[in-house]
2 protein chains.
Amino acid sequence: MAKLTESSRPVMALFEVLGQKWVLRIIWELRNGPLTFRELRAQCDEISPTVLNQRLALLKETLLLESTDEGYKPTALLEELGPVLYALRDWSNMWAETRVAHGHDV
Amino acid sequence: MAKLTESSRPVMALFEVLGQKWVLRIIWELRNGPLTFRELRAQCDEISPTVLNQRLALLKETLLLESTDEGYKPTALLEELGPVLYALRDWSNMWAETRVAHGHDV
DNA sequence: CTTCTTGCTACATAATACGTAGCGATTGCC
DNA sequence: GGCAATCGCTACGTATTATGTAGCAAGAAG
């Protein structure tokens, strides 16, 4: 039987990866098939190539992305996270509504 | 009918918030009830108080957290994200298994 | 009064991201 | 062959952000 701190270690590691700038965005932009380095960069608002390459290296290292002859694409493992990402997208719409209801500009 | 770029704007904003260091961790640590500033700091591996306060300000500003006399706690809106967070936790366990299967130390 | 603990700030240092330029390696195309 | 265009990616100087330690002002307890 695992202790609480032990059973929560992988999620900490996940938060550490997802909590880096551009990581969620990169994953999101690859949801509809592979993109080349330059395509991906264009989708990500012309992110600096230095950082993009650092993130791609990290995501390959952590088995979340792989590079094929068609470009970068999510691994089978990461694709299982798809529903979670779409749940985030749906929630974010409610969030945006709440914020405008409180007088913030989204 | 909204265009694709429009309908994906809130999720971009969400990624921008969640993609900041410590944000996911802070949200996670508050999942079981409110914590005071110093408690939260202790849970978050003694994060620097400067950054913690910046993040708390951001999360209050974006209606994700609120501070009560018992400490900081998620808003009703953020609590709806709970299942998503637990889905992330569950997925991260599979992720960890895959990584050890490939010879990485988790 | 003194002594705690609290939320939080100041400030100097370290780490990280940015943006522009451009290199070396392909890929057509003539 | 040669030439131009495009590719993934790196170099490097600047700007932004995080870290860590110290400690302040305010409130509670005695």
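Side chains included, hydrogens not; waters and symmetry mates left out as well; all remaining heavy atoms used. Here is the naming used below: chain letters follow the sequence lines, and residue numbers restart at 1 for every chain.
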Determine, for nucleotides 14-28 of chain D in 5'-to-3' order, which nucleotides have protein heavy atoms under 4.0 Å from the base (write B), from only the sugar-phosphate (write S), or from neither (write -). ----SBBB-------

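Close approach of DNA chain C to chain B, defined as any atom under 4.0 Å from a non-hydrogen atom of the protein, starts and stops at C:dT6 to C:dC11.
Here the SG-CH2 distance, from A:C44 to A:W28, works out to 12.5 Å after rounding to the nearest 0.5 Å.
The list of salt bridge (charged side-chain N to carboxylate O under 4.0 Å, His left out) pairs with a residue in residues 37-60 of chain A, not counting sequence neighbours, reads A:R41-A:E46. The side chain to side chain donor-acceptor pair (under 3.5 Å) contacts involving residues 64-73 of chain A comprise nothing, where partners must be two or more places apart or lie in separate chains.
Regarding A:Y72, its OH atom lies at a distance of 8 Å from the P atom of D:dG8, rounded to whole Å. As a whole-Å value, the separation of A:D69 CG from D:dG8 C1' is 14 Å.
Of all the heavy atoms in A:L78 and A:L64, the pair that sits closest is CD2-O, 3.2 Å. Closest approach of B:L63 to A:T98, counting heavy atoms only: CD1-O, 4.0 Å.
Using a distance-only test at 3.5 Å, with no hydrogens or angles considered, no donor-acceptor pair links the side chain of B:R31 to the main chain of B:E79. A distance-only check finds a donor-acceptor pair linking the side chain of A:R25 to the backbone of A:Q43 [under 3.5 Å]. No donor-acceptor pair closer than 3.5 Å links the side chain of B:S92 to the backbone N or O of A:L14.
At least one side-chain heavy atom of A:L65 sits less than 4.5 Å from a side-chain heavy atom of A:I26.
A search for ring-ring contact (aromatic ring centres under 6.0 Å, His included) contacts involving A:W91 returns A:W95, not counting sequence neighbours.
In this structure, the helix from C:dC1-D:dG30 to C:dC30-D:dG1 shows an angle of 30° between the axis at its start and the axis at its end, each fitted on 5 base pairs and rounded to 10°.
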